[in-house]
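Here is the structure we will look at, set down as structure tokens.
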Amino acid sequence: MSNPQSKIRLANGYSFNRVINGCWQLSSEHNLQGQTDVDDAIKGFHELVDQGFTTFDCADIYTGVEEILGRFVDELKASGHYQEEDLQIHTKFVPDKSMLTKIDRNYVERIIDRSLKRMHRETIDLVQFHWWDFNVSGMMDTAFELVRLQEKGKIRNIGMCNMDTERLKQMQDAGINVVSNQAQYSLFDRRPEKSLLKYSADHNVYTFSYGTLAGGFLAEHYIGKEYDHPETRSQVKYMQIIEDSLGWDGLQKLLPLLKEIADNHQVSIPNVVTQYILNQPGVGAVMIGTRSSRHVKDNLRTLQFQLTDDEMAAIKELIEQYPTPTGECYELERTSPRYQGIILTDLDH
């Protein structure tokens, strides 16, 4: 296979990296033990931008993260070389579940204005819209409020987050120009392959994949290890996905294969996994968590090699021996008490 391209350019001229710097790991609620070194994370941001990784992903509900990115923007401005278009910051509009029935025009604009203020930006490059409960009315009205703010120049592009195929089609049929949809997609969680990837690709909606490294479980560190305890909220979340797909035994069969492929290219298991997902039809980008400067060099290698067709096939053959979680993208997270129990749906923005 050919090397994955490093950037994608939309019809409106907007460009984004195919490996996006994910920032959930910097939120105050993410760590279950210890604290994140924000200074070191921002140092990593500078190194990533210097290497051309200029696209960042955050959310209004990632406590403190929009402010961290705002601090980074200030540091770039102080350097004297900052141009707003040289840095792409994607955030999310995720109204609290308890607020869904109360959302109005003023609420939507207030939250978007707050994100702009936190990030010290003139325009939000991409707002990704998430709706917790499809049984609660108001989703489409709220989406059109985002369109109104796009027309006012406060939002450059509109994307979706965790929308299934039916709701993504609903947005498209209503005439909303959706450029992307962020979906959990990994070697464990292959729910987007059921219909979402094909529909998205057929309608020029790029899938932005998160959870691709399963909270860090897809790494050399876990070869031959017994599961102990989660270190982060990511691992709590993705351990459920592992249990409902390959299981820990399946993971221990998968990791040696990934390690063999990684060694062939002198890269890491996360590099192999990321490229495997990037190579799937319709995938525009993969979110890779950026918690410290030590991750930068590894991220750089993701696009510096190419998986062979045989290597892609070997990975696919192994994982397809196992099930994947049931339902559509994010369906269990919306309907299953077991999955809902670990999701924070009300963070009071």
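What's counted below: heavy atoms across the whole structure, side chains too, no hydrogens, waters or symmetry copies.
- Contact check for M119 versus V73: no side-chain heavy atoms found under the 4.5 Å cut-off.
- In this structure, Q280 contributes its side chain and Y276 its backbone to a donor-acceptor pair below 3.5 Å.
- Inter-residue side-chain proximity for I158 and V127 is flagged as unmet; no heavy-atom pair is nearer than 4.5 Å.
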**Request:** Output, in order, the C-alpha distance, side-chain angles, deciding distance and verdict of side-chain hydrogen bond (donor to acceptor under 3.5 Å, both in side chains) for T55 and N21.
**Result:** CA-CA 6 Å; T55 309; N21 309 315; over 6 Å; no
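- Using a 4.0 Å cut-off between charged side-chain N and carboxylate O, K92 and D57 make a salt bridge.
- At least one side-chain heavy atom of N271 sits less than 4.5 Å from a side-chain heavy atom of D298.
- A donor-acceptor contact closer than 3.5 angstrom links the side chains of E311 and H265.
- A salt bridge links R148 to E145: at least one charged side-chain nitrogen sits closer than 4.0 Å to a carboxylate oxygen.
- The residues D113 and R110 are annotated as not salt-bridged, no charged nitrogen and carboxylate oxygen being separated by less than 4.0 angstrom.
- No side-chain donor-acceptor contact under 3.5 Å links Q150 to the backbone of I155.
- In this structure, CG in L332 is found 5.0 Å from OH in Y339, a value given to the nearest 0.5 Å.
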**Candidate pair K198 and D202, rule salt bridge (charged side-chain N to carboxylate O under 4.0 Å, His left out), full reasoning** = CA-CA 6 Å; K198 184 178 188 310; D202 288 347; 2.7 Å; yes
**Message:** Using side chain to side chain contact (heavy atoms under 4.5 Å, CB included), reason through L255 and E220 one step at a time and then give a plain yes or no.
**Reply:** CA-CA 7 Å; L255 286 174; E220 289 82 350; over 6 Å; no
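- No donor-acceptor pair closer than 3.5 Å links the side chain of N17 to the backbone N or O of K7.
- Atom OH of Y210 sits about 13.5 Å away from atom CD1 of I277, to the nearest 0.5 Å.
- With a 4.5 Å cut-off on side-chain heavy atoms, L69 and F45 count as touching.
- The backbone N or O of W131 sits less than 3.5 Å from a side-chain atom of R334, completing a donor-acceptor pair.
- When each of I111, D60, N162 is checked for a side chain to side chain contact (heavy atoms under 4.5 Å, CB included) with V94, only D60 meets the rule.
- Side chains of I8 and S15 form no contact here, defined as non-hydrogen atoms less than 4.5 Å apart.
- Aromatic ring centres of F16 and F208 lie closer together than 6.0 Å.
- Other residues, nucleotides and ligands place more than 12 heavy atoms under 6.0 Å from the NZ atom of K77.
- Of the possible polar contacts, one joining the Q128 side chain to the T91 backbone as a donor-acceptor pair under 3.5 Å is found.
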**Request:** Just do the side-chain hydrogen bond (donor to acceptor under 3.5 Å, both in side chains) check on D244 and Y322 with the steps written out, would you?
**Result:** CA-CA 9 Å; D244 289 347; Y322 297 90; over 6 Å; no
**Message:** I'd like to know whether F56 forms a ring pair (Phe, Tyr, Trp, His ring centres under 6.0 Å) with F72, so could you lay out the CA-CA distance, the side-chain angles of the two residues, the decisive distance to 0.1 Å, and finally the verdict.
**Reply:** CA-CA 11 Å; F56 292 79; F72 176 53; 5.6 Å; yes
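- Heavy atoms of other residues, nucleotides or ligands lying less than 6.0 angstrom from NZ of K194 number more than 12.
- Annotation: Q321, atom CD; neighbour count of heavy atoms from other residues, nucleotides and ligands within 6.0 Å is above 12.
- Rounded to the nearest 0.5 angstrom, L187 CG and L254 CG are separated by 5.5 Å.
- A distance of 11.0 Å separates OG of S6 from CG of L278, quoted to the nearest 0.5 Å.
- Ion pairing between a basic and an acidic side chain is recognised when a charged N comes within 4.0 Å of a carboxylate O; E193 and K316 show no such pairing.
- Under the 6.0 Å cut-off for aromatic ring centres, W248 and F217 qualify, their centroids lying closer than that.
- Residues V178 and Q172 have side chains in contact (heavy-atom distance under 4.5 Å, counting atoms from C-beta outward).
- A salt bridge is defined here as a Lys NZ or Arg NE, NH1 or NH2 lying under 4.0 Å from an Asp or Glu carboxylate O, and D141 with R105 fails to meet this definition.
- At a threshold of 4.5 Å between non-hydrogen side-chain atoms, the residues V286 and V19 do not count as touching.
- A salt bridge between K259 and D263 is present, with a side-chain N of the basic residue lying under 4.0 Å from a carboxylate O of the acidic one.
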**Prompt:** Can E243 and R338 be said to form a salt bridge (charged side-chain N to carboxylate O under 4.0 Å, His left out), step by step?
**Reply:** CA-CA 12 Å; E243 289 170 351; R338 175 169 167 262; 2.9 Å; yes
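- H90 and Y14 have tilted rings, their planes meeting at an angle from 30° to 60° on a 0 to 90° scale.
- Judged by distance alone, the side chain of D104 and the main-chain N or O of N106 form a donor-acceptor pair under 3.5 Å.
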**Request:** Output, in order, the C-alpha distance, side-chain angles, deciding distance and verdict of side-chain hydrogen bond (donor to acceptor under 3.5 Å, both in side chains) for T54 and Q88.
**Result:** CA-CA 6 Å; T54 58; Q88 304 82 47; 2.7 Å; yes
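- Looking only at side-chain heavy atoms (C-beta outward), L168 and M160 come within less than 4.5 Å of each other.
- Separating the CD1 atom in I319 from the CG atom in L251 is a distance of 12.5 Å, to the nearest 0.5 Å.
- Looking at E328 and S195, their side chains do bring a donor and an acceptor atom within 3.5 Å of each other.
- In this structure, the separation between CE on M99 and CH2 on W132 is 14.5 Å, given to the nearest 0.5 Å.
- If you check the side chains of Q184 and D189, you find a donor sitting under 3.5 Å from an acceptor.
- The main-chain N or O of T123 is found under 3.5 Å from a side-chain atom of E84 such that the two form a donor-acceptor pair.
- Residues satisfying the salt bridge (Lys or Arg N to Asp or Glu O under 4.0 Å) criterion with E75, sequence neighbours excluded, are R71.
- Of the possible donor and acceptor atoms, one in the side chain of R18 sits under 3.5 Å from a partner among the backbone N and O of V283.
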**Request:** Determine, stepwise, if the pair E66 / K117 fulfils salt bridge (charged side-chain N to carboxylate O under 4.0 Å, His left out).
**Result:** CA-CA 9 Å; E66 287 183 332; K117 183 178 180 181; over 6 Å; no
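- Figure legend: R191 and Y185 shown without cation-pi pairing, the cationic atom not lying both under 6.0 angstrom from the six-membered ring centre and within 45 degrees of its axis.
- Salt-bridge formation is detected for the pair K152/E109: a Lys NZ or Arg NE/NH1/NH2 atom is positioned less than 4.0 Å from an Asp or Glu carboxylate oxygen.
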